[in-house]
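Worth saying up front: this structure is predicted, and the values here are computed from it rather than measured. Along the sequence shown, residues are numbered consecutively beginning with 1.
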Amino acid sequence: DPEALTGQTKVEALNYKTKMTKYSSDQKLNGTGFATQGYTGIMNIWAVLNEVGGVKATGEDVRKGFKQTKNHHAFGGAGISCQDATKPYVAVCASLVSASQWNGSALKAVKTAQDFSGLTVVGKGDALRTTEVK
């Protein structure tokens, strides 16, 4: 719900809601993770594409643009920092995220879950299982 948000996050949520209401062929899918993540991905590609040359940019230009990101604003989410990606997970460009929980009237930060990392899914505690994925 965009009304639970503020600032740029609210602007981006309203963008999503407005555009998906206008262009989506199946409105009941608009709130699914597939729809939101797909839209976010396209918007982030569009942003990097515009930074590396716009309509004249090649796929390689966009790839290099993502690779060079550091604290880059990501549409609707945490920043992108592919320069800081942990090897061998070079595509995990935003490993640090935070969590919020709806309390019935507003989103409240879950203080114990701030800056948790999706990398713990593939690691044992803080140690990455790099030898197991090679």
Visitor: Could you tell me whether Lys67 atom NZ has more than 12 heavy atoms of other residues or ligands within 6.0 Å of it?
Guide: no
Visitor: Once you round to the nearest 0.5 Å, how far does NZ of Lys17 lie from OG of Ser24?
Guide: 14.0 Å
Visitor: If we count only N and O atoms by modelled type, under 3.5 Å, do the side chains of Gln8 and His73 hold a donor and an acceptor together?
Guide: no
Visitor: Just so I know, are the side chains of Thr69 and Gln83 near enough to count as touching, which here means a heavy-atom distance under 4.5 Å?
Guide: no
Visitor: Quick one: closest heavy-atom pair of Leu5 and Ala13, and the distance?
Guide: CD1-CB, 3.7 Å
Visitor: Run the ring-centre check on Tyr16 versus Phe75 and record whether the distance is less than 6.0 Å.
Guide: no
Visitor: Count I, L, V, M, F, W, Y as connected when their side-chain heavy atoms are under 4.5 Å apart, and connections chain through other members. Are Val62 and Trp46 then in the same cluster?
Guide: no
Visitor: Is there side-chain contact between Thr18 and Thr21, with heavy atoms separated by less than 4.5 Å?
Guide: no
Visitor: Could you state the interatomic distance from NE2 (His72) to SG (Cys93), rounded to the nearest 0.5 Å?
Guide: 11.0 Å
Visitor: Verify, without hydrogens or angle tests, whether Thr32 (side chain) and Ala35 (backbone) share a donor-acceptor contact under 3.5 angstrom.
Guide: yes
Visitor: Let me confirm one number: the SG-NZ distance from Cys82 to Lys64, rounded to the nearest 0.5 Å.
Guide: 15.0 Å
Visitor: Scan side-chain atoms only and decide if Asn15 and Glu12 contain a donor-acceptor pair under the 3.5 Å cut-off.
Guide: no
Visitor: So if you build clusters from Ile, Leu, Val, Met, Phe, Trp, Tyr with side-chain heavy-atom gaps below 4.5 Å, do Met43 and Leu49 land together?
Guide: no
Visitor: Working to the nearest 0.5 angstrom, can you tell me the gap between Ile80 CD1 and Gln68 CD?
Guide: 13.0 Å
Visitor: Could you state the interatomic distance from CG (Asn30) to CD (Gln27), rounded to the nearest 0.5 Å?
Guide: 4.5 Å
Visitor: How long is the span from the CD1 atom in Ile45 to the OG1 atom in Thr40, to the nearest 0.5 Å?
Guide: 11.0 Å
Visitor: Is Leu14 close to Glu3 at the side-chain level, that is, under 4.5 Å between some pair of heavy atoms?
Guide: yes
